[in-house]
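One structure below.
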There are 2 protein chains.
Amino acid sequence: MSTTAKAPTRRKRMPRAERERQMIEVAEAVFAERGYTAASMDEIAERVGVSKPMLYEYFHSKEGLLLACIRQSRAALREVTEEAVAQAASAEDAMRRGLRAFFVFIREHREAWSLLRHEMALIGTSAADEIEATRQQQTDLISNLLGALVGESDPIRAEASAEFVVGACERLAIWCERHEDITPEIVTEYAMDLLWGGLAQRATKIDTARPEHHSPR
Amino acid sequence: MSTTAKAPTRRKRMPRAERERQMIEVAEAVFAERGYTAASMDEIAERVGVSKPMLYEYFHSKEGLLLACIRQSRAALREVTEEAVAQAASAEDAMRRGLRAFFVFIREHREAWSLLRHEMALIGTSAADEIEATRQQQTDLISNLLGALVGESDPIRAEASAEFVVGACERLAIWCERHEDITPEIVTEYAMDLLWGGLAQRATKIDTARPEHHSPR
DNA sequence: GAAGTAACCTACTAGCAGTAAGATGGACTT
DNA sequence: AAGTCCATCTTACTGCTAGTAGGTTACTTC
């Protein structure tokens, strides 16, 4: 076949940094496409146009390669959200811009998002820690934003609130994938509404006697 | 070695159903312990005290075995939450009891929960669908509860709200794992507070959100 | 106690992660 | 222009694991 995707072009040698970027790019695609387990190092090597030991030269192991992909995605997500937050005029605006940047990111970088979202059978491995670190990054960011908005005196409660926000948004992001017509702007507003007002804001029957529990502060 | 865990007892033959339960039990432990990828069918077979082809006789493949484990966990979670909700006196009480049952479950069945939580490198496989189905189950349940509590006219918004709740609670559950002192009761109240009142309830600065500039240094 | 069958095993194949040891090409000197 | 160096890259392997073919054993039934 003359139309084969594998061009018979002379494989060019490349400087280390460039080859590394190329490998990560291909690996990200293959991992997202086949899943970590089903992806084979042979296939990744072939798609890059290089032999398998090169992958091991650069990333030491299959998990090392995955790790590099995750770090890359995490850095991209961090950059995008921090930039968005920095442009905000107020604390509430910061939250809104941050959420919006997140939802835009996961729409435009499906493969990267797929890597971050799927936990990949890696219990007890360093890659699992890496993914958890990504969530921690998000949680810290939210925590800072909440600190500016909500005067939460109990640090444990503040932590729980941040986790709550991260989990809710992560789930909303996955939900978005199934709804092409939901734009990042729309889902951002949904999130802001639910986060701020809670469900009570939209409740019709709730006003009847909540069982008393300690009033906050 | 007289103290070996593998007793030299004559391996007893068992009826199919019993052997099946035993295999699922062991597999659940091994998957949770090592992760799906690192777990080996040989080890599972050995721990059960049976040869590998037996596992394939019963579950057809490694993924089939995982699937059986997930189905088992899902059924258990469903049973527990539905039972809790059924005992409720009001819609709000149903939500509280459901949440509490969930948090208790994930504390008492760490291995099962671990299976449901980790998505296990299974993009595009039936096991991934199965895990998603578990979340769908939770989402449907929440959806029903919300229907009784909140008069949401927009069905899309109702769906988003349910996802929001599921995601937030899932994340809170993971957070709980790191805090031995947080009981299911406490986290249930956190969740109820945040879900109902939202963050606004606890906000001190939200109404006075002045465009205070976060100076870059 | 012979026959039938459900439960079980030994012994293999194929394919993937990971490695050892050597080949190649380009840059830089002289 | 020719020689030297070394980063880049390759071929050819090992060991381990998912999955299978075909035979064996113990329990039940008549």
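Sequence lines set the chain letters: A, B, ... in the order given, protein chains first and strands last, and positions in each chain run from 1.
E57(B) has its CD atom 14 Å from the C1' atom of dG23(D), to the nearest Å. Summarising the geometry, the separation between CD on E20(A) and P on dC9(D) is reported as 12 Å, rounded to the nearest angstrom. Counting to the nearest Å, the P atom of dG18(C) and the CD atom of E63(A) are 9 Å from each other. The distance from atom CD of E18(A) to atom P of dG26(C) is 15 Å, rounded to the nearest whole Å. Going from atom NE2 of H60(A) over to atom P of dA17(C) covers 15 Å, rounded to whole Å. Taking atom CG of residue L55(A) and atom P of nucleotide dT10(D), one finds them 10 Å apart after rounding to whole Å. What separates CD1 of I44(A) from P of dG18(C) is a distance of 11 Å, to the nearest Å. For M54(A) and dA23(C), the CE to P distance is 18 Å, given to the nearest whole Å.
At the phosphate of dA7(D), neither OP1 nor OP2 sits under 4.0 Å from any side-chain N or O atom of R16(A). The side chain of R19(A) contributes an N or O atom lying less than 4.0 Å from OP1 or OP2 of dC9(D).
Here R47(A) pairs with E33(A) in a salt bridge; the nearest charged N to carboxylate O distance falls below 4.0 Å. Salt bridge annotation for E43(A)-K52(A): absent, with no cationic side-chain nitrogen under 4.0 angstrom from a carboxylate oxygen. Using a cutoff of 4.0 Å between basic side-chain nitrogens and carboxylate oxygens, R21(A) and E25(A) are not scored as salt-bridged. Looking at R178(A) and E163(B), a side-chain N of the basic residue comes within less than 4.0 Å of a carboxylate O on the acidic one, giving a salt bridge.
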Polar atom pairs (N or O), protein with nucleotides 16-18 of chain D, under 3.5 Å:
unit_1: dA18(D); atom_1: OP1; unit_2: A39(B); atom_2: O; d: 3.1
unit_1: dA18(D); atom_1: OP1; unit_2: K62(B); atom_2: NZ; d: 3.1
unit_1: dA18(D); atom_1: OP2; unit_2: M41(B); atom_2: N; d: 2.9
unit_1: dA18(D); atom_1: N7; unit_2: K52(B); atom_2: NZ; d: 3.1

I'd like a list of close polar pairs between nucleotides 27-30 of chain D and the protein, N/O only, cut-off under 3.5 Å.
none

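In this structure, E159(A) CD and L172(B) CG are separated by 11.0 Å, a value rounded to the nearest 0.5 Å. Atom CG in L195(B) sits 10.5 Å away from atom OG1 in T188(B) (nearest 0.5 Å).
Looking at heavy-atom distances under 4.0 Å, Y58(B) makes contact with sugar-phosphate atoms alone, never a base.
Using a 4.5 Å heavy-atom threshold, the side chains of I44(A) and M23(A) count as separate.
Toward the 5' end of DNA chain C, the nearer of the two residues P15(B) and P53(B), judged by each one's closest nucleotide, is P15(B).
Remark: R16(A) is positioned above the aromatic ring of Y58(A), its terminal NZ or CZ atom under 6.0 angstrom from the ring centre and at most 45 degrees off the axis. A cation-pi arrangement is found for K62(B) relative to Y36(B), the charged atom lying closer than 6.0 Å to the ring centre and inside a 45° cone about the ring normal.
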